[in-house]
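We name chains A, B, ... by the order of the sequence lines, and we start the count at 1 in each one.
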Amino acid sequence: GGGGGRGEGGAWRGRGSDRGRGPGGRRPGGRGPGGRGPGGRGPGGRDPRSKPGGRAKVGLNGGSKVIVEPHRHAGVFIVKGKEEALVTKNLVPGESVYNEKRISVENEDGTKVEYRVWNPFRSKLAAAIFGGIDNNWIKPGAKVLYLGAASGTSVSHVSDIVGPEGCVYAVEFSSRSGRDLVNMASKRTNVVPIIEDARHPSKYRMLVPMVDVIFSDVAQPDQARIMALNASFYLKTGGHFMISIKASCIDSTVAEEAVFANEVKKLQAEGFKPAEQLTLEPFERGHACVVGGYRMPKKQKAT
Amino acid sequence: MLVLFETPAGFALFKVLDEGKLSNVEDLGNLFSSAASARKMVKLQAFDKFDNTSEALEAVAKLLEGAPSKGLRKFLKANCEGEALAVADSKLGNIIKEKLKIDCVHNNAVMELLRGVRSQFTELISGLGDQDLAPMSLGLSHSLARYKLKFSSDKVDTMIIQAIGLLDDLDKELNTYAMRVREWYGWHFPELAKIIQDNILYAKSVKLMGNRINAAKLDFSEILADEVEGELKEAAVISMGTEVSDLDLMHIRELCDQVLSLAEYRAQLYDYLKSRMNTIAPNLTALVGELVGARLISHGGSLLNLAKQPGSTVQILGAEKALFRALKTKHATPKYGLIYHASVVGQAAPKHKGKISRSLAAKAALAIRCDALGDGQDNTMGVENRLKLEARLRNLEGKDLGRLSGSAKGKPKIEVYDKDKKKGSGGLITPAKTYNSAADSLLGQTPKADSAENGVKEKKDKKKKKKADAEEETITEEPSKKKSKKKKTEVEPETEEPAKKEKKKKRKHEEEETEMPAKKKEKKEKKEKKKKKTDV
């Protein structure tokens, strides 16, 4: 089993301690995957997570030294080792939501902080951040309305970012995904699960107050209208929105750029002010993310 | 005009103070930009609080269907005399108009108004801060979600996982306490420990008699059999244990009480577990039984998690240590894990346990998915599959019997004549069996690592007879695993059942039960080499 056998197996629990003794500074060690690794042999497994037999180990592996740095956007961090990854601080330490890797880091004062890896191939928001959006309005303490929450994998990361002062209102219509969403929300008290159709925002009017940001990932042909309706109900004046547009979902016969331009025009007609558009290219094909403001107060012209 | 505004805490009615401003829809938003200006626009007229979450859930559920609940109707009747009511949902508005004869309004201005109220309503409703509302809205949303998803509390598999954990804990505790009773009482009456083997009966007897002097007078017929009782009474007289005071005996008796009550509770818990298993996973229960089913669910973490695993995983759940060890060292992987304790696998002969365990695991995976994700509440699927499995088992055993009783199918295959094939000692079809003295030495033989869950046959069992070939190379492998191939007429010792020997003609057919990939490759290489030689 080559290098794979070394740190895994019985010894992996005892590791973290002999690491992170650098003088001051953030020199933490990365603990191995504490969550359900991809082997999927159930919980309580004291087994090696990696496939034994000497598979080449790339990226963040158990026991590798990593450095955690804050990202330009508040609430998001970057972990640097052999490979870089985007991580968020785990609101519920010790638990993985969808079997993602967790990284445990020791502070200068000895307290342990846990981060969860955010996969940009699975989450459109992570793809947008990786892609380099200028402003991320989902920040600690914000109230976010998340349309198209699915099973709650991205929602859990948004909940990590907004922290205990913020709140995430996750809307998802499907019952199967809704069940997973409710399970996830039962562990995180800043997530409010709403199993309703986002096309009828009046149906959840007793649950949602005014929010600061609306994030939409619904993949419907009328998503601009859905976004507009929800914003008219719940998005505060001067609030912001982020929408992920899938070109093939809106109109698969027209060129992508045309689709995106059309959507942007529709949004502008409804009172949105798109500030930036960015393609999610290496992670998703035919997707774009548009970020902007809603009912922004008119700027006073200088002079 | 009045505005109806729903909050997680209750219904609020606001009075619009300045109706003239309603005509200018765009600027309406600005009027609510600060609390003071908002107060100039609307005023809280009445507030109907929900008494508890269930009332809130009911009211909101009805609202979502478009019908006002009783509480809402009363509230509106009491407060809305003669005024128009602005509502967020036009359907609701229509029904209110019909039933309560209150005029309802729903237009852009209303939407803007509602928006404004929503942005300032913590200010407008005194006594309702943000921090109060957050947990209320969380609770309401969870109740609503459960209502929508038709969450039924008796389909929760956490109960199973906890119950089986408790069962194991109880067993351990029971054993510990029973051992303690034996030890403690053994100070006073050591012979009793050997007379009564069962823990529960021991505790009952101790409880009944207390001091061993009482044994002669008492009647143990409900607890013990007659001969045992006789032995007990004899031993009580001639016992060599010391005397103990009444206080000590009282404590020993208390411990016996504990043991007995634990045993009773364990029986109750087992019944509870059985009934829960039948409710939550009826198909799985029909297939593997309650205990094995519960252990599988507990091992998988939850029924849904278990449903995501393929049949091959279900087969070796519980044997992970052996599995990964075998994968690392390139050995045969285990054939069964927790599934071994299912009754169907128990009924099979040792030869067929592997096959049955695989079939059972495949059907069990289907049953688990049926239970976790299906809508049905019955166990028809489980019962059908169990019948199929039992039929398969009968088939397997039948094949065996058929072979033993002798039929054309069982005769040894006659080899195709190939003039170029180099044979052993010219003319002989099978080389003569000679005694292999290498079998005498004990050095270099590794012990077989057999375990119940493993059933791994060591490589030594896989010796094949070889056609002697002068150019045959001796393949050097790990000395513990294989013996080096001999040349010409020597035959390697076989440590398998004689039935297998016929099939060990390497070139023609390969028998595999748990073949290791490395070995297969080597055999294939040898085969190809041989073929090349024959072709040339």
Side-chain angles (χ1 to χ4, degrees), chain A residues 1-2 4-5 8-10 36 39-54 143 167 169-170 172-173 175-176 178-183 185-186 189-196 200-210 229 231-238 295 297, chain B residues 5-8 11 29-30 32-33 56 59-60 63-64 88-92 108 111-112 114-115 118-122 130 133-135 137-138 140-142 144-151 298-302 304-306 308-309 313 316-318 320-321 323-325 327-330 373:
Chain A
E8 316 292 41
R36 314 276 167 266
R41 294 269 175 238
R46 283 136 178 73
D47 318 304
R49 296 279 154 208
S50 60
K51 267 213 180 68
K143 292 207 178 20
C167 196
Y169 301 90
E172 169 57 40
F173 192 33
S175 331
R176 285 279 148 74
R179 237 169 255 146
D180 291 334
L181 184 65
V182 171
N183 277 335
S186 58
T189 49
N190 62 352
V191 177
V192 172
I194 301 172
I195 317 293
E196 282 295 347
H200 304 116
S202 59
K203 293 217 160 161
Y204 38 95
R205 63 182 183 273
M206 55 287 298
L207 297 170
V208 187
M210 289 307 250
L229 208 48
S232 75
F233 264 79
Y234 304 117
L235 188 52
K236 71 177 189 196
T237 313
R295 299 199 187 186
Chain B
F5 187 75
E6 300 93 345
T7 72
F11 295 113
N30 298 337
F32 284 94
S33 49
V60 171
L63 212 59
L64 291 179
D89 182 9
S90 48
K91 234 180 28 172
L92 180 67
N108 275 345
M111 301 311 291
E112 279 301 319
L114 279 171
R115 206 185 130 82
R118 193 188 301 277
S119 57
Q120 294 293 350
F121 91 101
T122 45
D130 245 350
L133 277 177
S137 108
L138 194 61
L140 184 58
S141 76
H142 274 275
L144 254 181
R146 276 193 222 121
Y147 168 74
K148 280 236 141 191
L149 295 175
K150 295 187 190 52
F151 170 88
S298 145
H299 197 285
S302 82
L304 200 56
N305 249 347
L306 196 59
K308 294 182 190 167
Q309 311 287 22
T313 303
I316 42 111
L317 264 186
E320 283 86 1
K321 183 154 169 241
L323 174 73
F324 287 110
R325 181 182 67 210
L327 285 176
K328 257 200 242 189
T329 55
K330 301 193 192 211
L373 303 159

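Expressed to the nearest 0.5 Å, how far CE of B:M111 lies from OG of A:S202 amounts to 7.0 Å. Annotation: the span from B:R115 atom CZ to A:L235 atom CG amounts to 6.5 Å, rounded to 0.5 Å. For the atom pair OG of B:S119 and NZ of A:K236, the computed distance is 10.5 Å after rounding to the nearest 0.5 Å. Here A:I195 contributes atom CD1 and B:L149 contributes atom CG; the two are 5.0 Å apart, rounded to the nearest 0.5 Å. One finds the OG atom of B:S141 at 9.0 Å from the OH atom of A:Y169 (value rounded to the nearest 0.5 Å).
Contact record, B:L373 with A:R176: O-NH2, 3.3 Å, taken as the closest heavy-atom pair. The heavy-atom pair separating B:R118 from A:V208 by the smallest distance is NH1-O, 3.0 Å. Nearest approach of B:H142 to A:V191, heavy atoms of both residues: NE2-O, 4.4 Å. When all heavy atoms are compared, the tightest approach of A:T189 to B:L138 is O-CD2, 3.4 Å.
For B:L63, the part lying under 4.5 angstrom from a heavy atom of chain A is the side chain only. Interface residue A:D180: only side-chain heavy atoms are found under 4.5 Å from chain B. Using a 4.5 Å cut-off between heavy atoms, A:K203 touches chain B through backbone and side chain atoms alike. Contact of B:L304 with chain A is made through the side chain alone, with heavy-atom distances under 4.5 Å. When heavy atoms are compared at a cutoff of 4.5 Å, B:T7 approaches chain A solely by way of its backbone atoms N, CA, C and O. Heavy-atom distances place both the backbone and the side chain of A:S175 under 4.5 Å from chain B. With a threshold of 4.5 angstrom between heavy atoms, B:L114 does not approach chain A through any atom at all. Only the backbone of A:A231 comes within less than 4.5 Å of a heavy atom of chain B; no side-chain atom from C-beta onward does.
Side chains of B:L133 and A:P209 form no contact here, defined as non-hydrogen atoms less than 4.5 Å apart.
A:R205 places no side-chain N or O within 3.5 Å of a backbone atom of B:F5 that could act as its donor or acceptor partner.
With chain B as the partner, the residue from A:P193, A:G238, A:G178 showing the most heavy-atom pairs under 4.5 Å is A:P193.
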